[in-house]
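The structure's right below; bear with me while I get my questions together.
Quantities reported herein were computed from a predicted structural model and do not represent experimental measurements. Whatever order the structure lists them in is the order used to number ligands and atoms, beginning at 1.
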Amino acid sequence: CYPSIPFLPKIFSDYEFTNIKCSCFDESFCSFEYCFLKSVNRTYKYGSLKVTLHQGPADKIKANFAIYKRLNGYKPFLYNVTVDACKFIDHPSSSPVMAYIFQLFSPFSNINHSCPFDNVIVDKVSIAHMNKQLTKILPFPKGEYGIFSNWYIYGEMRASVNVYGSLT
Ligand SMILES: *[C@@H]1O[C@H](CO)[C@@H](O)[C@H](O)[C@H]1NC(C)=O
Ligand SMILES: *[C@@H]1O[C@H](CO)[C@@H](O)[C@H](O)[C@H]1NC(C)=O
Ligand SMILES: *[C@@H]1O[C@H](CO)[C@@H](O)[C@H](O)[C@H]1NC(C)=O
């Protein structure tokens, strides 16, 4: 079960994706097959990505997520959490903040299972879903935000995924 975080009441209206950037730092270890945002029409916009690990299924994975706000460049805004991904996936209540971030995309992904992992697909995370999750509890003021993540596998930073968006 996913615990909720006691946030302030909501004070804004809409979340919009603006960009997504995926990087693998060692192409012999991993690669992104795709990573994009797509606008189908005014109301239906989504993000998808697929990453493959080339050296077999991994079970030593650390996920580091942080939320940034754009001022002069993106500055740390709220949270910078790191979890052992294999422990977290089996016990989401161990990190309410990560559970909150995780639910933004996990229903659209193939990662809601125990370790190991050899590929990750996130398929068509819609703005509508993000909006629903974010506006439920997010206390953020208007502005441009980044949800950045770094992925450490077997002790080394192998990949990052940065999602940019704005609250209007
Ligand atoms: C936008 O596209 C989606 C998916 O194709 C469709 O279900 C929806 O009706 C469209 N909305 C508008 C306003 O055209
Ligand atoms: C993950 O899977 C469990 C068990 O199937 C389910 O109860 C939970 O709601 C899922 N979590 C998310 C965030 O999709
Ligand atoms: C979290 O903070 C550390 C230390 O400042 C930084 O190196 C790391 O890049 C931050 N994480 C993210 C996802 O930005």
Side-chain angles (χ1 to χ4, degrees), residues 2 5 7 13-27 29-32 34-51 53 58 60-89 92 94-109 111-112 115 117 120-135 137-141 143-168:
Y2 287 78
I5 315 171
F7 279 123
S13 52
D14 266 319
Y15 180 79
E16 187 78 62
F17 289 124
T18 51
N19 201 2
I20 184 170
K21 281 190 190 145
C22 302
S23 315
C24 268
F25 303 112
D26 176 355
E27 291 287 330
F29 195 86
C30 60
S31 53
F32 283 91
Y34 51 83
C35 168
F36 63 88
L37 297 180
K38 186 174 165 70
S39 278
V40 175
N41 55 38
R42 264 175 57 107
T43 50
Y44 187 41
K45 196 168 183 180
Y46 64 77
S48 293
L49 65 81
K50 178 176 182 187
V51 61
L53 303 185
K60 295 266 181 306
I61 305 171
K62 282 200 156 109
N64 168 225
F65 278 82
I67 299 180
Y68 288 73
K69 186 171 196 293
R70 188 170 166 190
L71 299 164
N72 289 311
Y74 283 86
K75 300 286 190 311
F77 173 65
L78 192 67
Y79 307 135
N80 181 327
V81 288
T82 302
V83 295
D84 177 317
C86 295
K87 286 185 185 149
F88 171 77
I89 210 96
S94 62
S95 173
V97 169
M98 190 61 89
Y100 173 65
I101 294 170
F102 186 60
Q103 69 176 355
L104 294 174
F105 61 89
S106 63
F108 298 84
S109 79
I111 63 174
N112 193 6
C115 281
F117 288 92
V120 171
I121 297 171
V122 179
D123 190 41
K124 299 182 181 165
V125 178
S126 68
I127 284 270
H129 173 76
M130 296 280 278
N131 251 322
K132 203 171 114 210
Q133 298 301 322
L134 290 171
T135 57
I137 41 181
L138 204 77
F140 300 3
E144 290 177 58
Y145 292 91
I147 301 174
F148 294 177
S149 64
N150 296 324
W151 296 86
Y152 297 81
I153 304 176
Y154 297 115
E156 295 207 30
M157 188 157 125
R158 307 292 183 169
S160 71
V161 176
N162 293 350
V163 177
Y164 301 83
S166 60
L167 292 174
T168 53

- In Å, rounded to the nearest 0.5 Å, how long is the span from CZ of Phe17 to OG of Ser39? 10.5 Å
- Message: Show the atoms of ligand 3 that are less than 4.0 angstrom away from any heavy atom in Asn64.
- Response: 1 (C), 8 (C), 10 (C), 11 (N), 12 (C), 13 (C)
- Determine if the distance from atom 7 (O) of ligand 3 to the closest protein heavy atom is below 4.0 Å. no
- What's the shortest distance from atom 4 (C) of ligand 1 to any protein heavy atom, and which residue and atom give it? Tyr44 CD2, 3.6 Å
- Note on the structure: Looking only at protein heavy atoms, what sits closest to atom 14 (O) of ligand 3 is Tyr68 OH, 2.6 Å
- Query: Cation over ring, Lys124 on Tyr46, under 6.0 Å and within 45°?
  - Reply: yes
- Task: Kindly check if the number of other-residue, nucleotide or ligand heavy atoms within 6.0 Å of CG (Asn72) is above 12?
- Result: no
- With a 4.0 Å cut-off, strictly under, does atom 2 (O) of ligand 3 pick up any protein heavy atom? yes
- Query: For atom 11 (N) of ligand 1, is the nearest protein heavy atom under 4.0 Å away?
  - Reply: yes
- Query: Can you name the closest pair of heavy atoms from Asn162 and Ser149 and give their distance?
  - Reply: OD1-N, 3.6 Å
- Note on the structure: From the list Phe108, Tyr44, Phe105, ring-ring contact (aromatic ring centres under 6.0 Å, His included) partner of His129 resolves to Phe108
- Between Tyr74 and Tyr164, does the ring centroid distance fall short of 6.0 Å? yes
- Task: Starting from atom 5 (O) of ligand 1, locate the nearest protein heavy atom and write down its residue, its atom name and how far away it is, to 0.1 Å.
- Result: Val40 CG1, 4.0 Å
- Message: Which residues pass the salt bridge (Lys or Arg N to Asp or Glu O under 4.0 Å) test with Lys50, not counting sequence neighbours?
- Response: Glu33
- Item | Location of contacts on Asn80 toward ligand 3, heavy atoms closer than 4.0 Å | side chain
- Query: With ring centroids as reference points, do Tyr79 and Phe65 lie under 6.0 angstrom apart?
  - Reply: no
- closest protein heavy atom to atom 13 (C) of ligand 1 is Thr43 OG1, 3.7 Å
- Quick one: which ligand 1 atoms are inside 4.0 Å of a heavy atom on Asn41? 1 (C), 2 (O), 3 (C), 8 (C), 10 (C), 11 (N), 12 (C), 14 (O)
- closest protein heavy atom to atom 9 (O) of ligand 3 is Asn150 ND2, 3.4 Å
